[in-house]
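Comments concern the structure below.
Reminder, nothing fancy here: chain letters follow the sequence lines and each chain counts from 1.
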Amino acid sequence: MNFATPAFLVFLVVVYLLYWCFGRKGQNRLILVASLFFYGWWDWRFLLLLIAIASIDFLVALALMPDIPVWRRRTLLGVSLLTNLGGLIYFKYFNFFSLSLQAFLGQLGMQADPVTLQIILPLGISFYTFQALSYTIDVYRRKLPAVRSYTEYLCFITFFPHMIAGPIQQATHLLVQFGKDRHFNEQESVDGLRQMLWGYFKKMVVADSLAIYANQFFNNPASGNGWQLLWASYCFALQIYGDFSGYTDIAIGCARLFGLHMTRNFAYPYFSSNVHEFWKRWHISLSNWFRDYVYIPLGGNRHGKFRQQLNALTVFVVSGLWHGANWTFLLWGLLHGIYYTAYSNIGGWIARLRVSRNKWFHFASVFVVFHLVLVGWILFRARDLNTALTIVGQIAAAPLQAFHKPPFSLFVLCALMLGVEWLHRHHRHGLDIARWPRLARWGAYYAIVLIILLASPLAYVPFIYFQF
Amino acid sequence: MSKPFAQSRFLRQVILFLSPFLFVLCMFEILFWQAGETWPVTRVIEYQREHLDALFLRGKFDQQICRYKYLGLREAKPRILALGSSRVMKFRTEMFGEGSGSFYNGTGLIDQIEDLDDFLELFRNNLPKVIILGIDPWILNEQRHSTRRLATSLEPDAALDWKGHLAILRHLRGRDLGRLWTAAIRRPPERIGAAATMNNEGYRWDGSFATHLSIDGTNWAFRDRESPPVPERIRKAKQRFEATPHASQVYLARLARDLRLLKNSGVTVIGFLPPFSSEANRLLSTLPDQEQFWSEYKAASKELFQNLSMPFFDATDLSTLGLDDRYMFDGMHAEETFHLHLLRRLLKDPAVQAALPNTSARVEAALSDPATNFYYPRFSK
């Protein structure tokens with residue numbers, strides 16, 4: 001079930017109305033049934049895998065008693081890691097590794113018939129396996145006692161707003177909420193709806209409009225010249241932000257309707273003035289996950305600067321690969337790793353410059369960071385490495401080619417999204433207008449709903465992160 | 001503030017906020033339904049089966065001709081089937097002198113060669129005994145790119161697609177709204193859809209297309225009702241008349257393969273080339289960017305059917321049947337009476353006579369009826 005369909009809105013209304021009629025246990029059961037229904041709407045067969053993985057982790061965590069020998073604890077953790085990462089590798093990376101191995105052997109002059117499988121990637125597998133892993137690892141680290149209620153645990157894994165594309169919630173944050181009573185809070189509900197509305201605007205109006213232009217040139221780079229490809233890259237940069245942060249706003253707003261709090265995933269990342277800041281603002285839940293479960297176990301910053309930078313680089317490469325089985329994602333991760341480590345070396349020097357406190361320097365930094373990120377998005381969006389290089393080459397030659405003005409309406413939409421978010425950059429979300437007079441508030445709501453109804457493109461554009 | 005009070009206040013506010021949208025939406029949905037615009041195709045087919053005089057034609061929503069004909073054909077399981085583009089849609093049950101359900105007009109299903117492939121794939125195990133196949137020139141034109149294809153046009157039903165509803169709502173203007181309103185208020189039980197109600201035309205239960213123009217017998221003259229008129233499209237080489245030097249050998253080979261497949265399945269295929277008005281005919285055979293393709297299209301089609309020993313007639317020029325433009329609805333669509341003349345000509349072939357044993361008497365009776373005019377024959381009960 002897609003957030004951007006009337007079917008989801010009907011589903012949400014029904015679940016919401018029933019939800020507040022029950023006590024905690026009833027609410028949890030309802031959320032579980034609703035979440036399984038929501039996920040099964042796409043393909044019920046994926047439910048079996050989801051429940052199997054979740055159940056193994058639940059049992060592993062139960063067996064991870066504090067007083068059992070260390071080797072048994074490690075073995076149990078190994079089972080959980082094998083289940084989650086094994087499933088992820090099998091479904092997501094098997095063909096990629098198989099074909100890459102064949103290509104590598106081919107380079108060495110050896111012939112090999114690749115074994116490829118007809119595998120359908122289960123929706124949201126990258127998200128829910130990471131979430132399940134966070135639980136067993138936290139129990140293993142004794143940060144969290146194993147939960148006894150299977151329902152609460154399944155609610156944590158399958159909670160429908162975040163199951164398909166995050167935000168990835170850590171057990172210490174979300175799971176504990178299913179063990180506590182939830183009380184209706186009118187302000188939270190109203191603000192949850194506001195956040196959802198803003199998410200719908202970003203996704204259905206801005207991102208989907210930009211997708212038409214971005215897809216046209218990224219799907220067929222030969223059809224455009226350098227200027228058009230450059231504009232298509234800008235469009236994609238804003239599309240992916242509108243799409244993913246829009247999804248996140250809908251998910252978080254939705255959870256708030258049920259009295260549940262989810263961690264933030266975006267904090268206006270395109271207003272970052274350096275790469276470190278960007279990664280503290282973009283896909284925050286994934287960055288936190290990699291920090292807690294990869295970077296710190298690798299040694300973090302505890303073994304000198306070189307190891308720290310190597311660890312950071314590793315995390316970025318793995319994070320790139322997490323997005324998809326393609327060299328473009330891996331290189332996207334590597335590029336950001338290079339940005340990150342480079343800034344680690346020069347950031348202190350820049351901060352000491354007197355000019356760094358100048359507001360114009362700040363704007364220039366935001367401009368530079370956005371364009372560094374933009375180069376990454378070309379890699380991220382391109383079908384393959386060759387296409388990405390072709391696009392970059394074409395863009396480099398742009399000044400020699402005819403300038404094509406992109407549609408004016410795209411400027412208006414982007415300016416509206418970025419303008420509103422700039423004004424609310426210190427708020428939780430772009431439509432945090434609780435303090436506005438009622439008339440102005442309702443006027444804004446009606447304006448946004450009308451824009452969605454009248455100006456959103458009607459072509460189906462799936463959420464970008466659903467493919468991961 | 002108590003919890004239940006806060007909850008109900010919250011719900012009240014949400015409902016209050018949404019009520020203008022819901023009200024407008026409901027009003028339009030009622031209007032659409034009343035006009036028959038949003039009846040799902042399955043409901044239309046069911047209704048037409050029970051009301052044989054009901055005509056179906058949506059005014060604002062997508063006609064979904066492929067879905068409608070596909071489901072209708074699957075339901076009808078006819079012995080005789082007419083296939084081709086809209087230029088074949090005037091064949092109707094009454095012409096064949098057989099019981100109801102023995103004929104279905106599946107025209108609209110085939111608009112390009114890929115559609116014929118799709119048709120054979122979809123109906124491989126459910127083929128009729130006789131197919132009357134109209135071959136249009138654009139079927140052999142490689143420069144023409146159709147925006148739709150049969151296999152991908154069957155789902156979903158436009159009436160059940162919320163985006164379709166939203167698209168219609170966005171583009172409703174004053175005049176359309178007035179027509180829709182009138183259609184919703186005045187729609188008689190035997191009309192489904194705003195266009196069927198307002199224009200008094202539409203698809204019959206057997207898939208044929210009915211028009212109801214009043215005919216002045218004394219001063220009846222041809223008028224091209226296509227917009228833009230067919231000669232203009234030919235001159236500008238657009239909208240199915242894209243300039244191409246030759247009839248596609250690839251498409252001809254595919255057509256031959258499909259015909260052979262039908263023959264091997266025991267289906268009698270009766271081929272014909274549908275007519276054009278005299279002006280359109282003249283342009284097609286004289287314009288430099290059309291003439292070569294036009295002559296190849298006619299010759300290659302004839303040769304193909306002859307090689308496969310299938311009945312065939314080239315009716316592109318009305319005069320070959322002793323008719324003139326007055327039998328044409330527009331530059332490329334002939335009306336019902338023309339089709340009786342065509343059948344009469346086709347029935348001279350013994351193979352056609354054997355395939356359509358009851359047709360000859362029906363055709364002769366209708367053509368000799370004094371009430372039959374250039375457009376509409378009268379069929380005796």
Report yes if some heavy atom in the side chain of [X] is under 4.5 Å from a heavy atom in the side chain of [Y]; otherwise report no.
X: B:Leu16; Y: A:Trp442; answer: yes
X: A:Ser456; Y: B:Lys163; answer: no
X: B:Leu11; Y: A:Leu17; answer: yes

B:Phe10 and A:Phe184 aromatic ring geometry - parallel, tilted or perpendicular at 30°/60° bounds: tilted

Worked verdict on A:Cys21 versus B:Gln7 for side-chain contact (heavy atoms from CB on, under 4.5 Å): CA-CA 11 Å; A:Cys21 299; B:Gln7 268 179 345; over 6 Å; no

Is it true that, when you exclude [X] itself, more than 12 heavy atoms of the residues, nucleotides or ligands shown sit nearer than 6.0 Å to its [atom1]?
X: A:Trp42; atom1: CH2; answer: yes
X: B:Arg148; atom1: CZ; answer: yes
X: B:Trp33; atom1: CH2; answer: yes
X: A:Arg24; atom1: CZ; answer: yes
X: B:Trp162; atom1: CH2; answer: yes

Looking at A:Leu450, A:Asn185, A:Val449, which has the largest count of heavy-atom pairs under 4.5 Å with chain B? A:Val449

When rounded to the nearest 0.5 Å, the distance separating CD of B:Gln13 from CD of A:Glu186 is 6.0 Å

Part of B:Leu169 lying under 4.5 Å from any heavy atom of chain A: neither

Yes or no on side-chain contact (heavy atoms from CB on, under 4.5 Å) for A:Tyr16 and B:Val14, after CA distance, side-chain angles and deciding distance? CA-CA 13 Å; A:Tyr16 177 82; B:Val14 172; over 6 Å; no

Atom group of A:Tyr446 that falls short of 4.5 Å from chain B, counting heavy atoms: both

